[in-house]
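Naming convention: chains lettered A, B, ... in sequence-line order (proteins, then strands); numbering from 1 in each chain.
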Amino acid sequence: MTISVPAARDVKPGRLAPEEYSTNFSDLHPPLDRHEAFVEADRCYFCYDAPCMNACPTSIDIPLFIRQIAADNPTGAAKTILKSNIMGGMCARVCPTETLCEEVCVREVAEGKPVKIGQLQRYATDYLMETAATHPFTRAEPTGKRVAVVGAGPAGLSCAHRLAALGHDVTVFDAREKAGGLNEYGIAAYKSVDGFAQAELDFILGIGGIEIKASTALGRDIALSDLTADFDAVFLGMGLPGVNDLGLDGEDAEGSIDAVDYIAKLRQTDDLASLPVGRRVVVIGGGMTAIDVATQVKLLGAEDVTICYRRGQEAMNASEYEQEVAKTAGVTIRHWLKPKSLLRGEGGAIVGIELEYTAQPNGQLIGTGETMILPADQVFKAIGQTFDAGPLAGTAIRLEKGRILTDEKRRTSLAKVWAGGDCIFGGEDLTVVSVEDGKIAAMDIHAALMGA
Amino acid sequence: MADLSTNFLGIKSPNPFWLASAPPTDKAYNVERAFEAGWGGVVWKTLGSEGPPVVNVNGPRYGAIWGPDRRLLGLNNIELITDRDLETNLREIAEVKRRWPDRAMIASIMVPCEEAEWKAILPRVEDTGADGIELNFGCPHGMSERGMGAAVGQVPEYIQMVAEWCKMYSRLPVIVKLTPNITDIRYPARAAKRGGADAVSLINTISSITSVNLDTFSPEPSIDGKGSHGGYCGPAVKPIALNMVAEIARDGETRGLPISGIGGVTTWRDAAEFIALGCGTVQVCTAAMTYGFKIVQEMIDGLSDWMDERGYRTISDFQGMAVPNVTDWQYLNLNYVTKARIDQDLCIKCGRCHIACEDTSHQAITSMVDGVRHFEVMDDECVGCNLCVNVCPVEDCITMEQLVAGADPRTGRPIDPNYANWTQHPNNPMAVKEAAE
């Protein structure tokens, strides 16, 4: 097949003037000030058996914390939040509230304007983290029990914090250099500005009794059998380190990029101007990662960014709100297109992508045979992440559809081992769900260790 | 446009909206601005005796409570009567009245409870050309410690005595301004009437402490770490004022005594309510002090538009219309049975009606029906108390519906179409027994 190959690839760093980087990557939602918080808090009706609270995976008592804000007690509000969700600060920034608490807010139902629960939660948690001299919770009497947590992401840290609060000593192992998991490496930069992920990590560790062992990977530096032998219990919260491939030739070519990897680099760099950015960019996928990478690449100065998703808009995993964020940044979202082949130019680097139109006539997604070509200097793949079961090989831990199988208390099929977060079957790939997993597991570990 | 002009004790004003005796009426500059904005009249800030004027504190004079968006709901002040000398005030009153002959100009007066004092000041006020005088028997702070203001207003005999002096030494109409800081407003009102007063005005401010500073433990407003009770006014006091006005309007001894209504008047609707309870004019202060004089435009238009809509040509067409409907509890119709009705299309399912009823009232509203979040009134438990209506955040979502036929599911008793009140009720040991002969 002959195709018209676009002119020379155009990929370079530093597409923007220096001051544009700080503007483009500033806080997506500037925090509410005290008066704004009062006014917004007053909109809450303090509902009976509040729908928002029931919609929150961590069951935060939302009406109560909002009432505490209204009564000028942001510290108390923060404690109400953190008691249910120790990552209330990050969740206030990254939760898709429009599909959780705010979706069911009676004011959303009544007038299409929910109480800004996420913003209020941030107001309270920011206040506490900025003003509290000490960690708001104290540890129970030491139990002498030791628990290993694998993975210092939201699930692992949530589990570790709850266990520490209950009096256990916790060691958290993480493969990466820094703890925090996706909070540190994955969240879009404009949602977690000013090093918030590390600040929250420090805050969580402030309870004491939690030791972080970074750059220590399960299966490489430690074995599960060692952990089960050395510790009284183990919690696995390793997340999804792998990514799905497109299954096309040329996926290793220059210009074909793993979105998760690119976002991690973006989050870790001290100089956004150092990141290579194509003039024309195509992103394959329909979830949060696709939205995040497309939006950030656009904000880094790409001229033309297109997300291509193989189904319709309603099937996208990214919420409508997130899609709006991307569109506002100037990203084009196209539906019913799936990648067919990667086009490479001289030297084998990516110069475009051929896509096939799709349809779903009887619930079955099919290619229509009709194709189109989008020139692209960079093609980002963001079509889902995968669990790496390698480190669990030879153990009795059962998997389901490639992820760890757990019961409702987050017990795995192996004694003394619990799991939670994105790595378990049924995980929802949401920070707030991971936090809840860690909490549930911690409570059950506690019960098991204390013989309750 | 309806005719808003008023004739109160022979004092004419183009509309019933007067500025109350207070900081907005302390000097010609303010009053001129008020008249330019359209106010129908003013009660000039209270004049004191000849001689060195009173002094005010040099720290804060006002305290307040607010809604969450800083909407001012109640204001409190510890300011005294005018702190300008009498001569200046009298000269300015005369000048302004000359320039604005169509506006009502009332002089408020507060001098010690001595006949000579009143005798001395009254002719001088009359000389200004003012249309009437208002006797300030109301201020609860500062002046009352010196035997004036509320200290007089709390003793009906003093009210009568001073009113008599004023009628004796002045030809001007006399309005007695009443303090609400008493147990029964009818007694001071009756005393004013006995003393020959032509009208009463009420309410003056309510003794209050707006808040306590929890850092310094000083009441607010704080003067060097200490506070003193001030006079409370603004929207928060309107219900108290309406009741006191109604008590005077329907009292056997004071019925028909002209009333100038004061207390939280903020919009045309507030004014209309005071007038419906018998007031001939209303006086405004806090609303003007919050928003400036321009608010009178809304009041004039609002009242006029409402009157046009209802076919009232003049103020007197609806003045006092609500008075016959104010009665004693014992005369309320006990056979009037209502039940709350929740409009399911309007209901947003916040559940406040349920929890209010469940926790604090009569357990008459569901929260769950057939496993679904659903709020509905159970007629066999509903006493018709109206609490759910009041706590519902959606206007008209819950309404009270009268049962006109059948039986009350709560009591099982048939609905009786006849009026019957407590004085006739069998549970009342004092009830008039028909059989008794």
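- Atom CG in N54(A) sits 7.5 Å away from atom CZ in R373(B) (nearest 0.5 Å).
- From Y45(A), atom OH reaches atom CD1 of I348(B) across 5.0 Å, with rounding to the nearest 0.5 Å.
- Within a 6.0 Å sphere centred on CG of N58(B), other residues, nucleotides and ligands contribute 12 heavy atoms or fewer.
- In this structure, E395(B) places its CD atom where only 12 or fewer heavy-atom neighbours from other residues, nucleotides or ligands lie under 6.0 Å away.
- Heavy-atom contacts from other residues, nucleotides or ligands closer than 6.0 Å to CZ of R67(A) number 12 or fewer.
- Listed by chain and number, the residues in a side chain to side chain contact (heavy atoms under 4.5 Å, CB included) with R269(B) are T267(B), E273(B) (sequence neighbours excluded).
- The minimum heavy-atom distance between V39(A) and P68(B), with the atom names listed, is CG2-O, 3.8 Å.
- Aromatic ring pairs are classed by plane angle as parallel below 30°, tilted from 30° to 60° and perpendicular above 60°; the pair Y48(A) and H354(B) is tilted.
- Between chain A and the residues C350(B), G351(B), C353(B), A356(B), the most heavy-atom pairs under 4.5 angstrom are made by C350(B).
- Among the residues in residues 110-132 of chain A, those with a non-hydrogen atom closer than 4.5 angstrom to a non-hydrogen atom of chain B are A110(A).
- Counting heavy atoms of neighbouring residues, nucleotides and ligands inside a 6.0 Å radius, atom CG of D194(A) does not exceed 12 of them.
- More than 12 heavy atoms of other residues, nucleotides or ligands shown are found within 6.0 angstrom of CG on D407(A).
- In terms of heavy-atom pairs under 4.5 Å with chain B, the best-connected choice from A50(A), A70(A), A41(A), P51(A) is P51(A).
- In this structure, E428(A) places its CD atom where only 12 or fewer heavy-atom neighbours from other residues, nucleotides or ligands lie under 6.0 Å away.
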